[in-house]
Structures are given as C-alpha cells and as structure tokens.
2 protein chains.
Amino acid sequence: MTAEVGLRERKKAATRAALAAAANRLAVELGVEHVTVEAIAAAADVSPRTFHNYFSSREEAIVASIIDWAERLTDELQRRPADEPIWDSLQAVFVESLDDSPEGHSRLIAQLEMVMANPSVIASQLSALDTMRRRFAEAIAARSGTDANRDLYPHLIAGAAAHAVKTSMDLWVLGRTDRPLRELVGEAFALLRAGLPQPDRRRS
Amino acid sequence: MTAEVGLRERKKAATRAALAAAANRLAVELGVEHVTVEAIAAAADVSPRTFHNYFSSREEAIVASIIDWAERLTDELQRRPADEPIWDSLQAVFVESLDDSPEGHSRLIAQLEMVMANPSVIASQLSALDTMRRRFAEAIAARSGTDANRDLYPHLIAGAAAHAVKTSMDLWVLGRTDRPLRELVGEAFALLRAGLPQPDRRRS
DNA sequence: GCGAAAACTTGCAGAGTCCGCAAAACTGCT
DNA sequence: AGCAGTTTTGCGGACTCTGCAAGTTTTCGC
C-alpha cells in the first residue's frame, strides 16, 4: 500500500514528520510561547526557511498530528463494513483510536493542556478538527448516498461525532469526573443518537 | 440596562466597536490579505499601538462581530420561558436572529466568503464560535439543572445547535441548493432532534 | 552511466505582527 | 484646580511569513 513512492516523496514525508514532531514536542516541553520556528527547524535539521515550505504557520505544525489522526480515522471509517449503521461505524472508529494505557493518557493530557494554554493554538486545533469533520462528511456522504454539497445529514453527523469526542476529552481533562474516557465517549454518542432529550431536573 | 456606565466605559466600547467595524469592513472590501493593522487603526482614528490594546490579532478584530452576535443570542436564550423545551428555545433564538431581507443576505454572503477565503480567519471564526458554544452550554446547564463541568449534555446540545446553524449557512452560501436559509436551519434542527437517523439510500 | 529537467533547500531582503515599557494625555472626582 | 487612576501613544525589538534567485539533489529518458 505504501509502496511505489520514490525516494523524494519519502524524504519529504520524513522532513514533514520530523518538523511536526519537533514542533509538538517543543511546545509540550517549553510551552508554545517559547517555541520559535528557528528552534523547530534546528531540531529537525533544516533551515528556518524550509520550515515555511512545509507549514504556513508555527501553530499548523504543532497541531499537525491531529490531521494525521484524522487521516487514519477516515481510512478506517472507509474500511468498515458498508452495511454497518453509520453511528456504529463512527463510534467504533473513534473508540478504537483511543489509547488506554497510562502513558497514552499522560500524553493526551499533556497535549490538550498545551493546546488549551494558547489561544492561537486553540484556533489551529479547531481548524484541524474542522478539516477532519469535512473529510468525515465526505466519507459518510459517499456511504449513505447523500451529497456533501447539498445535504445537511453527512455534515451534521460528522460534526456531532467529532464534537462528542472533543467534548468528552475536554471534560475528561478537566478532571471533575473520574469516569474513563471511553465511557464518556460512549455516553456522548448515546445521547446524540437519542436526539439529546432534555434530562429531568435531578442530577445524576 | 445600559445605564450606569461612565463616559470612560462608553468611550472604550466605542473604540472597540469602531476598530471591529473598520477591520471587518476593510476585510470585506479589500480582502483580508490587504488589510493591515495600520489601516484599521487609521480608519478608527487611533494609533496602531492602540489597536493591540483591544485585540490581540488582526483576525480577532475581523471576527469580533461573531462574539457580539453570540452575546446577543445568549441574552435572548436566557430570556426564553424557563419551561420551554431547550431545543425549541435554541431553534427560536437562532432562527429569529436571521436577517431575511435581501441586504441581510448579501451582507451574510459577503461575510462568509471573506472568512472562507483565508485560513487564519477561518481559524479565528471557529475560535469565536467555540466561545459562543461554551456560553450557550453554560446557559443551558443553568437552565437544565446540569453541570457544565461534569455533564456532557449542555455541551453536546450547544455544539449541535451551533454546528447546525454553521453548516446550514455553509451549504446555503455554497449555493448548490436554492432552499431558504431558514428552511435549512429548521431541517438541521429536526434531524438532530430525531437523533440523525440514517437516510434511506434514495436521494431526495 | 549521463545529462538535462524537475523538484527541493537555502539565504536574504522586506513587509508586517505583536508585545513590553515608559512618557504623555485624558477622565472622573474632590 | 488638582490629584489619582486609565488610556493612548511612540519606540525598540523579537519574531513570523513570503517572494525571489541561486545552489543542490533527485528523477528520468536515452
């Protein structure tokens, strides 16, 4: 599958990955404010000018991993059986992508805290998530026989699912609940599938 | 309601509004790329340095009107009867905020096209919408007896509603459908309230 | 193999953003 | 009028981002 790519392509992909990884690592370690393009480029062994051939902003590089994640998820979504209900496919794909190990948890928390500490990174994160949402919508449109240029359905379900996961993560990181992330995501999907009925006024 | 504010406060608000309006107008007229902080400041009759006392980036000023819109909507949401179903309140508030006049339509289209033409403005727009979503979630939490720090419900419904409107506008501006915006928003809410059932495979 | 052609990297220059700091100007109150 | 608290402004400096042109590296056909 990943065959048939020349040396050139592989080198480009490697450079891109090295830049994204360096940007992300430095942002987590030093805090976004203290990361310069110069430092990222140095860590990836290219010139600062080259950095800007790959990413149009520092923030874009920092959140590049989200786009990668989105690409993997879209692939997996397309690999689900065509007769599976779409909600099931979405939920399965998202839940399976969660890393349940303690290190996975720490990494995710560090990521989210780094992002949330800086408004311009938040904006880039949302932008990346929106790109993911659009890809999902297209995949779903193809599968459900709807048209991403005309119909609301694929966009709404893709957005609802993406937002379900984001909100679950946000609440989970906030730490006011000790429920596992998987469970939160599961509940979010259940609520959405039920049409978000108004809860009765006693608290759980 | 707007009483009890000194001259000072009013002047600040006026400066902020002037800057936001100038930024937005120039962005629509000239295209985002050709708007400099210097030009915005000049149009609002303050120094460039003062601009940055009000907004931390050019993009933030350009999309400031979204935050204003969000504030008005949140107020109206809180003014709805407390026993109205939340979905009805949300739908009513959003639908009533739409401007159905031809000029309103042109303005909205110009706005959205300006935003969509520039990635960094898209990111700021999403950021502003996310702020709106959070405010809505808090208002809904208060009204539904849920807790915005613990419960998924208020965030999910606020996000679903906000996204419904955004998606409707995006499709509407795309122009591949000639259905009125109100109708699209209405359909989006209906789909969400029904739990986004999978459409059968024949196209409408 | 070899030599273009195409693609990638780099340095440089220039426009612009954004922020900290301290002086100057202004407002509200007595 | 005069003081205290705020706001505006200019300046300096670090940094981002882009266009351009020259220098390298990879690819491809012969």
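Here is how names work: the chains are called A, B, and so on, in the same order as the sequence lines, proteins then strands, and each is numbered from 1.
Glu59(B) and Ser124(B) make their closest contact through CB-OG, 3.0 Å (heavy atoms, listed as atom of the first residue, atom of the second, distance). When all heavy atoms of Arg25(A) and Ala43(A) are compared, the closest pair comes out as NH2-CB, 4.1 Å.
For Arg179(B), the side-chain contact (heavy atoms from CB on, under 4.5 Å) criterion is met by Thr177(B), Glu183(B), Leu184(B), Glu187(B), not counting sequence neighbours. Checked against ring pair (Phe, Tyr, Trp, His ring centres under 6.0 Å), Tyr54(B) has no partners two or more places apart in sequence or in another chain. Every residue two or more places apart in sequence or in another chain that forms a salt bridge (Lys or Arg N to Asp or Glu O under 4.0 Å) with Asp100(A) is listed here: Arg182(A). Evaluation of the side-chain contact (heavy atoms from CB on, under 4.5 Å) rule for Leu108(B) yields Leu112(B), Met169(B), Trp172(B), Leu181(B) as partners, not counting sequence neighbours. The salt bridge (Lys or Arg N to Asp or Glu O under 4.0 Å) check on Arg193(B) picks up Asp88(B), with sequence neighbours excluded.
Asn118(B) has its CG atom 10 Å from the P atom of dT18(D), to the nearest Å. Rounded to an integer number of Å, the gap from CZ of Arg58(B) to P of dC19(C) is 14 Å. Rounded to whole angstrom, the span from the CG atom of Asp45(A) across to the C1' atom of dT10(C) amounts to 14 Å. Taking atom CZ on Arg10(B) and atom P on dT7(D), their separation rounds to 15 Å, with Å as the unit. Computed from coordinates, the Lys12(A) NZ to dA6(C) P distance equals 17 Å when rounded to whole Å.
Screening residues 114-153 of chain B for ring pair (Phe, Tyr, Trp, His ring centres under 6.0 Å), with sequence neighbours left out, gives Phe94(B)-Phe136(B). Listed by first and then second residue, the side chain to side chain donor-acceptor pair (under 3.5 Å) pairs that reach into residues 31-42 of chain B are Glu33(B)-Asn118(B), sequence neighbours excluded.
At least one donor-acceptor pair under 3.5 Å links the side chain of Trp87(B) to the backbone N or O of Gly195(A).
Within the helix from dG1(C)-dC30(D) to dT30(C)-dA1(D), the inter-axis angle between the opening and closing five-pair segments is 30°, rounded to 10°.
Contacts between residues 46-56 of chain B and DNA chain C, defined by a heavy-atom separation under 4.0 Å, are made by Arg49(B), His52(B), Ser56(B). Across residues 29-44 of chain B, not one residue has a non-hydrogen atom less than 4.0 Å from an atom of DNA chain D.
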Output one line per pair: protein atom, nucleotide atom from nucleotides 23-25 of chain D, and distance, for all N/O pairs under 3.5 Å.
from    : atom 1 : to      : atom 2 : distance (Å)
dT25(D) : O2     : Arg8(A) : NH2    : 3.3

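Under the 4.5 Å side-chain criterion, counting only non-hydrogen atoms from C-beta, His52(A) is not in contact with Arg58(A). Counting heavy atoms from C-beta outward, Lys166(A) and Leu126(A) have side chains that approach closer than 4.5 Å.
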Result block: side-chain N/O donor-acceptor pairs under 3.5 angstrom for residues 17-24 of chain B, not counting sequence neighbours:
from     : atom 1 : to        : atom 2 : distance (Å)
Asn24(B) : OD1    : Gln111(B) : NE2    : 2.5
Asn24(B) : ND2    : Ile62(B)  : O      : 2.8
Asn24(B) : ND2    : Gln111(B) : OE1    : 3.3

